[in-house]
Amino acid sequence: MNFFFSNNKWDMERGIPDLSGKVIIVTGGNSGLGFESVKYLAAAGAKVYMGARSEQKAKDAMARIDEELGKEKKGTVEWLELDLSDSRKAKAAAETFVEKENRLDVLMNNAALTVAPYKRSIDDIQDVMMVNHVSPFVFTMTLLPLLKRTAKEPNTDVRIVNLSSAAIGYTTDAIRFRNKEDFNDEHAGLLAEMKRYGRSKLANILFTKELQRQLDAENVPIIAISLHPGAVNTEGNRRVAGNLQNPVFRVLLSWATTTLMTAVNKGAYTQVFAAVAPIVRERAEQYKGVYLTPPAAITTPNKAGESKELAEELWKTTEGIIKEIGV
């Protein structure tokens, strides 16, 4: 990976602008990095929708935010029922949001399925690709008309932030997204779970780059960014470590997660930067479609992640699968 620009001096505690009047969605906002992102954004005055499957977990998370922020909370947090395991439910969630709100300033696609057994639960698409790519694609595209309308208003700064992962390192240059069979590649062998996860996270980068290309072609001033948040001690990463089938890797990763990884409140740095840091809008041409790694450094992901042809292939195949599903 090559690093082009670093923003490690941006102060996340004091550098977030006043977000009063802004409406933001954070998927997977009830825990981990999503929770911390919601907290930072709500503290700055935004109306934040916490995308989560469970209403009770969302309520518990919102109560915790109220307790931790106290009088520092200038904005509000609301629950948005969102289940990414089924693209139909993802579309329904987006449609519900559009019925409630007349603007959307930032969409942060944070939720993800990490290491999990190989299953094709719905519509014959393996779970990790459905949750991490297909449903977020549907969710984003359903919200895109509202994002575009918001971007036409004066003094707006509309962004789409897609969380990827350094797990793209488990993919190879030979990876393809030609059809459903490619989406469902089991990647049998050592670290198959991480390879499947890496495939889905590569899809996040390619989706972001192709989306930005299309937005630019339409002269829509939306900035789309993908990013690796870093090695963070989240509940999700602890679960990843515990679910690895290889016992040696399981022990090593479990130790690294608890002793070496960044605390979750600091780990949200790169995605909060991508969502609201003023320099991103000030240098829009520099940030459009980029991939960030900590600390908010513009980075070349890998050869596959830079492929325009692969991005177009992914987009076309995803649209075909969605059409086949009937979403």
Side-chain angles (χ1 to χ4, degrees), residues 12 15-31 33-53 55 58-59 61-66 69 72-84 89-111 135-163 208 211-212 215 220-227 268 271-278 280-281 284 287-288:
M12 185 166 59
I16 299 177
D18 181 8
L19 300 178
S20 300
K22 305 292 186 182
V23 180
I24 298 174
I25 296 176
V26 179
T27 71
N30 61 291
S31 65
L33 292 171
F35 173 85
E36 296 297 332
S37 298
V38 171
K39 189 168 68 170
Y40 279 112
L41 300 170
K47 182 178 184 180
V48 187
Y49 280 82
M50 178 185 288
R53 287 180 299 175
E55 181 176 11
K59 286 182 175 179
M62 288 187 283
R64 183 180 158 201
I65 287 174
D66 288 340
L69 289 181
E72 294 180 9
K73 181 186 172 189
K74 298 176 182 178
T76 60
V77 182
E78 296 190 20
W79 174 52
L80 176 66
E81 184 175 7
L82 175 62
D83 185 350
L84 295 174
K89 293 180 179 179
K91 184 176 183 179
E95 290 171 340
T96 296
F97 177 86
V98 171
E99 290 174 1
K100 296 180 65 175
E101 294 290 345
N102 60 9
R103 68 181 296 125
L104 177 57
D105 297 271
V106 178
L107 169 59
M108 182 184 290
N109 287 310
N110 165 84
S135 286
F137 182 100
V138 170
F139 187 64
T140 302
M141 298 307 291
T142 307
L143 292 168
L144 193 57
L146 180 57
L147 288 157
K148 289 180 177 180
R149 288 200 299 272
T150 305
K152 290 180 181 179
E153 296 180 9
N155 302 315
T156 55
D157 182 8
V158 179
R159 306 184 196 181
I160 299 170
V161 179
N162 296 321
L163 266 70
T208 303
L211 176 59
Q212 186 70 72
L215 291 169
V220 178
I222 295 175
I223 299 174
I225 294 175
S226 63
L227 63 94
Q271 63 203 71
V272 173
F273 175 94
V276 298
V280 172
R281 178 55 61 182
Y287 280 97
K288 285 182 177 180

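Of the N and O atoms on the side chains of Asn109 and Thr140, at least one donor lies less than 3.5 Å from an acceptor on the other residue.
A search for side chain to side chain donor-acceptor pair (under 3.5 Å) contacts involving Asn30 returns nothing, not counting sequence neighbours. Scored by the salt bridge (Lys or Arg N to Asp or Glu O under 4.0 Å) test, Glu81 finds no partners at all (sequence neighbours excluded).
No more than 12 heavy atoms of other residues, nucleotides or ligands sit less than 6.0 Å from atom NZ of Lys89.
In this structure, the separation between OH on Tyr40 and CD1 on Ile65 is 12.0 Å, given to the nearest 0.5 Å. To the nearest 0.5 Å, atoms CG (Leu146) and CD (Glu99) are separated by 12.0 Å.
Using a distance-only test at 3.5 Å, with no hydrogens or angles considered, a donor-acceptor pair links the side chain of Gln212 to the main chain of Ala224. Of the possible polar contacts, one joining the Thr156 side chain to the Thr150 backbone as a donor-acceptor pair under 3.5 Å is found. Trp79 places no side-chain N or O within 3.5 Å of a backbone atom of Lys59 that could act as its donor or acceptor partner. Checked by atom type and distance alone, the side chain of Asp105 never pairs as donor or acceptor with a backbone atom of Val158 at under 3.5 Å. At least one donor-acceptor pair under 3.5 Å links the side chain of Thr27 to the backbone N or O of Asn110. Looking only at distances, no side-chain donor or acceptor of Asp83 sits under 3.5 Å from a matching main-chain atom of Arg53.
Screening Ile222, Ile225, Leu143, Thr208 against Ile160 for a side-chain contact (heavy atoms from CB on, under 4.5 Å) leaves a single residue, Ile222.
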(request) I would like to know whether Val106 and Leu41 meet side chain to side chain contact (heavy atoms under 4.5 Å, CB included); could you show each step before the answer? (result) CA-CA 10 Å; Val106 178; Leu41 300 170; 5.9 Å; no
(message) Let's go through Gln271 and Glu36 carefully: what are the C-alpha distance in whole Å and the side-chain angles of both, what is the deciding distance for side chain to side chain contact (heavy atoms under 4.5 Å, CB included) to 0.1 Å, and is it a yes or a no?
(response) CA-CA 10 Å; Gln271 63 203 71; Glu36 296 297 332; over 6 Å; no
(request) Decide side chain to side chain contact (heavy atoms under 4.5 Å, CB included) for Leu215 and Lys288; before the verdict, give the C-alpha distance in whole Å, the side-chain angles of both, and the deciding distance to 0.1 Å. (result) CA-CA 10 Å; Leu215 291 169; Lys288 285 182 177 180; over 6 Å; no
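Residues in residues 144-153 take part in these salt bridge (charged side-chain N to carboxylate O under 4.0 Å, His left out) pairs, two or more places apart or across chains: Arg103-Glu153, Lys148-Glu218.
Within the 4.5 Å cutoff, the side chain of Lys39 has heavy atoms near those of the Leu69 side chain. In this structure, the side chains of Leu163 and Leu227 come closer than 4.5 Å at one or more pairs of heavy atoms.
Ring pair Tyr49/Phe97 is perpendicular by interplanar angle, where above 60° counts as perpendicular and below 30° as parallel.
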